[in-house]
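Notes follow the structure.
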Amino acid sequence: MPHALLVSGSLGQGHDVMAQACAETLHERGWTTGTVDAMALLGQRSGAVGEAVFRRLLDLPGVYDAFHFSALRPGARIALLADAAARSRLVPALRELVADQRPQLVVSVFATATSAVNRLPRRDFRHLVFCTDVTPHRLWVQEGSDLFLVTSEVAACAVRRYLPDADIAVVPAPLRQPFYRPPDRAGARAELGVAPDAECVLLMSGAWGLGPIARTAASLAAAGPHVLAVAGRNRELERRLRAAARREPRLHPFGYTDRIPALMAAADLVVTSSGDTCSEARALGRRLLLLDVVQGHGRDNLQHELELGHADVATARPAEVVRNALAALGRPAPEPSTGADPKAWQKGFGAALERVGLG
């Protein structure tokens, strides 16, 4: 059986979702897969420091914007030096993994992995780079990659900015398997204790729970709608949500959960940061209210979602989110995007494999 090595990165959950989608499709085509975390391959100390630095950059207004648009986007010296430092640790670890697993395919779904994979001394495999950001920055686009997978023509243009002759495949955004067969709205609401005729909002902000989600959830529930509030992996946020729910019966708190398809099916509106959740909401035919909380690439992704339609944007200030959410509840929602072809992503990824001789 052919084997693929998927290189993800544990900054948030988006990279893991992409890796999972690739793995599931490869399994359907008869492949075996292994997934590794590039942050873990950096070493326990270096990986933890890298995550802490990234979180701190996001916490400081404008700092990551400055780094992204002035360093990562143009490929400034400081960004290339950071990439080289990470690569010096990743190449030996990846060399051992490739020697052990002998993959025919390596898929990088994390920018830091891209140059490291291309520096491996032997290349008995094909290397695909998969980025769902609307404008991949310079570290995503490296010489030596066989094919770049992106989810929009805008992203394809961003790749060609650095490599004008790059081989690029535009594929549909991947969805986790449960979103192809979500529960019905009535059943999801009955399970969650939400009345059939009540207004209901799903509120989440990535795996890290960015922004003042607890205060926003309490304020929004006090304004009338049921609020399904998800803390992700943010334990402190989960604690605060559960404390607020004891005072507000229309607030339904969740920590890290695999019930997002049911929560989304029950909701009329999805309030979230820009990311993979947007594709999932559109798949179920849910309108979006986007929180402007992710700097850098998040700004580009947010603008692209607004261009796609059936979406609004708000700052993270609770009062403004409440006002925008109540207005958005009265606006039309999109038709579910998976109805015509629920296997669109699988077909697109399969076609990409054929382009590199692995179909």
Side-chain angles (χ1 to χ4, degrees), residues 12-14 16-18 20-21 24-25 132 134 151-152 171-207 213 217 220 225-232 252 254 256-291 301-302 304-314 321 324-349:
Q13 191 178 354
D16 290 337
V17 170
M18 287 188 282
Q20 180 183 348
E24 289 172 348
T25 301
T132 59
V134 71
T151 58
S152 70
V171 298
L175 300 173
R176 288 174 283 182
Q177 287 295 328
F179 285 93
Y180 292 111
R181 298 178 300 275
D184 65 272
R185 183 176 184 270
R189 287 194 165 209
E191 178 185 346
L192 295 165
V194 178
D197 58 347
E199 291 183 325
C200 183
V201 175
L202 171 59
L203 173 63
M204 56 195 300
S205 186
I213 297 299
L220 185 54
H226 283 259
V227 179
L228 313 174
V230 180
H252 309 258
F254 299 87
Y256 184 76
T257 177
D258 60 0
R259 299 174 66 190
I260 299 299
L263 301 183
M264 201 172 285
D268 301 301
L269 174 72
V270 177
V271 182
T272 185
S273 54
S274 58
D276 302 300
T277 304
C278 297
S279 298
E280 295 168 348
R282 293 183 187 282
L284 271 62
R286 297 299 184 266
R287 190 175 181 90
L288 288 160
L289 175 60
L290 300 171
L291 301 175
N301 293 341
L302 188 154
H304 185 60
E305 291 296 338
L306 294 177
E307 185 179 30
L308 292 176
H310 296 97
D312 299 287
V313 60
V321 176
N324 278 274
L326 295 177
L329 283 166
R331 298 190 181 111
E335 291 295 322
S337 63
T338 57
D341 187 359
K343 294 291 185 179
W345 148 253
Q346 289 88 337
K347 292 177 181 178
F349 188 63

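Predicted, not measured: the structure shown is a model, and the values here were computed from it. Worth knowing before you read on, the calculation uses all heavy atoms, side chains too, and leaves out hydrogens, waters and symmetry mates. All residue numbers refer to positions in the sequence shown, counting from 1.
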- prompt: Is the shortest heavy-atom distance from the side chain of Leu329 to the side chain of Pro225 under 4.5 Å?
  reply: yes

message: Taking Ser273's backbone N and O only, do any of them form a donor-acceptor pair with Thr277's side chain (distance below 3.5 Å, no angle check)?
response: no

- request: Write down the atom of Asp276, the atom of Gly14, and the distance for their closest heavy-atom approach.
  value: OD2-CA, 3.1 Å

- prompt: How about Met264 and Val270: do any of their side-chain heavy atoms sit closer than 4.5 Å?
  reply: yes

field: Beyond-backbone contact of Leu290 with Cys278, side-chain heavy atoms, under 4.5 angstrom
entry: yes

- line: Nearest heavy-atom approach of Ala262 to Ala188 is O-CB, 3.4 Å

message: Taking the basic N atoms (NZ, or NE/NH1/NH2) and the acidic carboxylate oxygens, is any pair closer than 4.0 Å for Asp268 and Arg185?
response: yes

message: I'd like to know if Asp312 pairs up with Arg287 as an ion pair, taking the criterion as any Lys NZ or Arg NE/NH1/NH2 lying under 4.0 Å from an Asp or Glu carboxylate oxygen.
response: yes

task: Could you tell me whether the side chain of Tyr180 reaches within less than 4.5 Å of the side chain of Leu175, counting heavy atoms only?
output: yes

- prompt: Among all residues two or more places apart in sequence or in another chain, which pass the salt bridge (Lys or Arg N to Asp or Glu O under 4.0 Å) test with Glu191?
  reply: Arg259

Student check: side-chain heavy atoms of Leu228 and Val201 closer than 4.5 Å: no

- prompt: Pro261 and Asp258: which non-hydrogen atoms are nearest, and at how many Å?
  reply: CD-O, 3.7 Å

task: Identify the heavy atoms of Gly285 and Ala333 that sit nearest to each other, and give their distance.
output: O-CB, 3.5 Å

- prompt: Under a 4.5 Å cut-off applied to non-hydrogen side-chain atoms, are Leu263 and His252 in contact?
  reply: no

message: Quick check on side chain to side chain contact (heavy atoms under 4.5 Å, CB included): which of Asn324, Leu302, Val321, Val313 does Leu291 satisfy it with?
response: Val321

message: Within the structure provided, determine whether Phe254 and Leu192 are in side-chain contact (heavy-atom separation under 4.5 Å).
response: yes

- line: d(Leu288 CG, Glu305 CD) to nearest 0.5 Å is 6.5 Å

Residue pair Val227 / Ala217: nearest heavy atoms and the distance that separates them: CG2-O, 4.0 Å

Worked verdict on Arg176 versus Glu24 for salt bridge (Lys or Arg N to Asp or Glu O under 4.0 Å): CA-CA 9 Å; Arg176 288 174 283 182; Glu24 289 172 348; over 6 Å; no

query: Side-chain contact, heavy-atom cut-off 4.5 Å: Leu284 with Pro336?
result: no

field: Interatomic distance, Ile260 atom CD1 to Phe179 atom CZ [nearest 0.5 angstrom]
entry: 6.5 Å

- request: Give a yes or no on whether a salt bridge exists between Glu280 and Arg286, defined as a side-chain N under 4.0 angstrom from a carboxylate O.
  value: no

query: At their closest point, which heavy atom of Ala21 faces which heavy atom of Trp345, and how far apart are they?
result: O-NE1, 3.5 Å

